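Scope of the values below: all heavy atoms of this structure, side chains included, with no hydrogens, waters or symmetry mates. Predicted, not measured: the structure shown is a model, and the values here were computed from it.
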Amino acid sequence: MTGGRRRLLSTTAMGFALVATLSISACSASSADPAEPAAEQSAAAKVSVQPAAGAEDVSPVEPVTVKVPNGKINRVSLTNAEGKEVEGAPAKDGRSWRVTEPLGYGKTYTWSGTATSDSGERGKIAGSFRTVEPAQLISAELNVGDGKTYGIAMPIKVTFDADVTDKAAVEKALKVQTSNGTEGAWAWLDNRSAHWRPKEYWAPGTKVEVNANIYGVRFGEGAYGASDLSSEFTIGRAQIVRANTQTHRMKVIRDGKQVADYPASFGLETDPGRVTKSGIHVVMSKHTSYAMTNEEYGYRDYVVPWAVRISNNGEFIHGYAPSISAQGNSNVSHGCVNLAPDNAKIYHDGALIGDPVEIEGSDQQLSSADHDYYDWTLSWKQWQGKSAARG
C-alpha cells in the first residue's frame, strides 16, 4: 500500500521562488519477512516558479519562469483572471519554461500544469502572484522619428510627461545602438528629460537605434512607465555653420569644404536683451515663413521668410530684407542671424534638423537658461556628470 506526502514552501517576497516538493513513500516491508530490505524512496519532481507563489507588487516585465532541475515539464500554462493564457516558450531540454510577453499591471496570474521527475514521479505546477498596481503611469516621447535623417550634432531626447524620481532606474532602461560604436552618454537636463549625445559630432552615415524600454520600470513614488517606444534614424552629411558676430559673416562648411560665405547681421550688442549668444547651437526646426513675436520690443506676428530655429530663446537664421544694408558690417537684429532672403532660402533648403551652428564673437554664452538644445555647450566631463546611472 502506498501513501502520499506533499510539502509546500512559499514566501510572498518578490523574486523568491516557490518550491513544491512532491514525494511518494515506498511500500512498507512485509511484517512476515522483517529481513527484506525496504524499497529505495523515489525522488520527487522539484518544481520552482518565479515570482514566488503569493508574491505581490510584481513588475510586469520581471522574469517569469518555471524550472524543474531534476525532471521535465509535461504541460504548463499561466493565465490571467479572465482565463487568457500568457505566451511562453519551453527550453530545449524541457526542464524550464518562460513567459515571452509583458504582463499587465494590477492583474493576478495563476500557474497550472504538471512535471515529471527523472525517476518518473509526477508533480503539480501551481500557485499565483499579482502584478503591481501603479499609483501613476508616466509616458514618454522621442524627438527623433523613424526613417528620418539628422545632422551631426543631433541629440536624442526622451521627454516624460511627469517628473522622474528614480532617474537611475529609468536611465538604465534607455538604450542607444549605433552602426559604428559611437561613444556617447545620457544626461538629465531637468526632471522630465534625458538627452543622449555623442562625445564628438556624429560621423556622417551613422545608423542609430534608440529604445526606451520603460514599461514596467519603477519611476519612483509609485509611478511606472506606461509603454515602450523606439526609433531608428540616420545621420546625414556633415554640415557645420560657423558664424562670427564681429566679422558679420556666416560660413557653411559641408563635408569639410566651404560651400557658402554670407554677409549677416547679428543681435544689437548695445542691448543685452538682443545679443546673439555665442556657443554651439543646433538646428531645431525649419519654416518657409515664421511669425516673430517679442512683446518687450513691441512687435507681434512679424512674418519673416526661410526661418531656421537654432535655439529655444528666440534665435533663428532667417531672411530679412530691411537689414540688408547692415548685413556684413553691423549688428542690428533682436538676436537672430539676418541674411538676405535669397541667401536665407539657399541655407534653409540645405539645412538638416540637428546641424550644428557654431557662433562666436559675442559677450554672452548659450547656456541652460536658453533651454533646448544647449547640449554642446557642456564639456564631455560635465555631460557625463549629469548621468544618474554612471558609477
Side-chain angles (χ1 to χ4, degrees), residues 138-161 164 167 170-190 192-215 217 225-241 252-256 259 280-288 307-312 316-317 347-358 366 371-378 380 383-384 386-389:
I138 295 180
S139 297
E141 63 179 10
L142 286 166
N143 67 330
V144 288
D146 271 337
K148 301 291 186 180
T149 300
Y150 296 101
I152 59 174
M154 186 66 182
I156 299 169
K157 180 185 179 183
V158 183
T159 304
F160 302 96
D161 63 1
V164 177
K167 294 183 176 66
V170 173
E171 185 176 323
K172 290 175 183 177
L174 308 178
K175 307 295 182 184
V176 175
Q177 293 180 299
T178 68
S179 59
N180 54 13
T182 301
E183 181 180 1
W186 289 100
W188 290 85
L189 302 189
D190 55 48
R192 295 194 178 193
S193 64
H195 292 214
W196 193 98
R197 54 153 268 213
K199 182 178 181 180
E200 308 292 344
Y201 289 154
W202 295 97
T206 302
K207 297 186 182 303
V208 187
E209 179 181 347
V210 55
N211 290 281
N213 302 317
I214 62 171
Y215 179 75
V217 173
S227 60
D228 296 342
L229 67 163
S230 64
S231 181
E232 295 182 15
F233 61 92
T234 303
I235 301 300
R237 80 288 176 271
Q239 177 166 295
I240 302 172
V241 165
V252 181
I253 314 299
R254 186 176 300 155
D255 295 325
V259 295
I280 301 176
H281 300 62
V282 178
V283 171
M284 302 178 70
S285 62
K286 295 168 44 171
H287 313 268
T288 56
V308 176
R309 179 185 288 276
I310 59 172
S311 78
N312 267 341
F316 288 75
I317 299 170
Y347 170 68
H348 168 279
D349 292 349
L352 285 177
I353 307 302
D355 282 344
V357 177
E358 302 173 355
L366 191 72
H371 310 292
D372 289 343
Y373 300 131
Y374 69 95
D375 305 45
W376 293 97
T377 68
L378 301 175
W380 184 238
W383 185 261
Q384 290 179 306
K386 289 184 172 293
S387 167

Nearest heavy-atom contact between Asn213 and Val217 is O-CG2, 3.4 Å

Would you confirm whether Asn211, through its side chain, and Lys175, through its main-chain N or O, come within 3.5 Å as a donor-acceptor pair?
no

Should Trp188 and Val170 count as side-chain neighbours, where that means a heavy-atom distance under 4.5 Å?
yes

Start with the C-alpha distance between Trp376 and Trp202, add both sets of side-chain angles, then the distance that settles ring-ring contact (aromatic ring centres under 6.0 Å, His included), and finish with yes or no.
CA-CA 12 Å; Trp376 293 97; Trp202 295 97; 8.9 Å; no

Provide the closest heavy-atom pair for His348 versus Ala307 in the form atom of the first, atom of the second, distance.
CD2-O, 4.1 Å

Say you draw a straight line from CD1 of Ile310 to CD of Glu358; how long is it, rounded to the nearest 0.5 Å?
12.0 Å

Closest heavy-atom pair, Ile280 versus Leu366, reported as atoms and distance to 0.1 Å, is O-CD2, 3.4 Å

To the nearest 0.5 Å, tell me how far Glu171 CD sits from Lys386 NZ.
12.5 Å

Flag side-chain contact, heavy atom, 4.5 Å: Ile317 against Tyr347
yes

Does a side-chain heavy-atom distance below 4.5 Å link Thr182 with Val176?
no

Identify the two heavy atoms, one from Ile214 and one from Ala226, that lie closest to each other, and give their separation to 0.1 Å.
CD1-N, 4.5 Å

Residues Ser230 and Asp146: closest non-hydrogen pair is O-OD1, 4.3 Å

Donor-acceptor check, side chain of Trp186 to backbone of Ala194, threshold 3.5 angstrom: yes or no?
no

Residue pair Tyr373 / Arg197, side-chain heavy-atom distance below 4.5 Å
no

For Glu200, does the CD atom have more than 12 heavy-atom neighbours from other residues, nucleotides or ligands under 6.0 Å away?
no

Only one of Ile253, Asp355, Val283, Asp255 clears side-chain contact (heavy atoms from CB on, under 4.5 Å) with Gln239; which?
Asp355

Rounded to the nearest 0.5 Å, what separates atom CG in Leu229 from atom CD in Glu141?
9.0 Å

Can you measure from NE2 (His195) to OH (Tyr374) and round to the nearest 0.5 angstrom?
7.5 Å

Set of residues satisfying ring-ring contact (aromatic ring centres under 6.0 Å, His included) with respect to His287, sequence neighbours excluded:
Tyr290

Report the distance from atom CE of Met284 to atom CZ of Phe316, rounding to the nearest 0.5 Å.
9.0 Å

Nearest non-hydrogen partners of Pro356 and Tyr201, listed with the distance
CB-OH, 3.4 Å

Leu352 side chain near Arg237 side chain, heavy-atom distance below 4.5 Å
yes

Donor-acceptor contacts under 3.5 Å from residues 147-161 side chains, at least two apart:
unit_1, atom_1, unit_2, atom_2, d
Tyr150, OH, Gly145, N, 2.8
Lys157, NZ, Asp372, OD2, 2.3
Asp161, OD1, Ser139, N, 3.1

How far does OG of Ser179 sit from CD of Glu209, to the nearest 0.5 angstrom?
11.5 Å

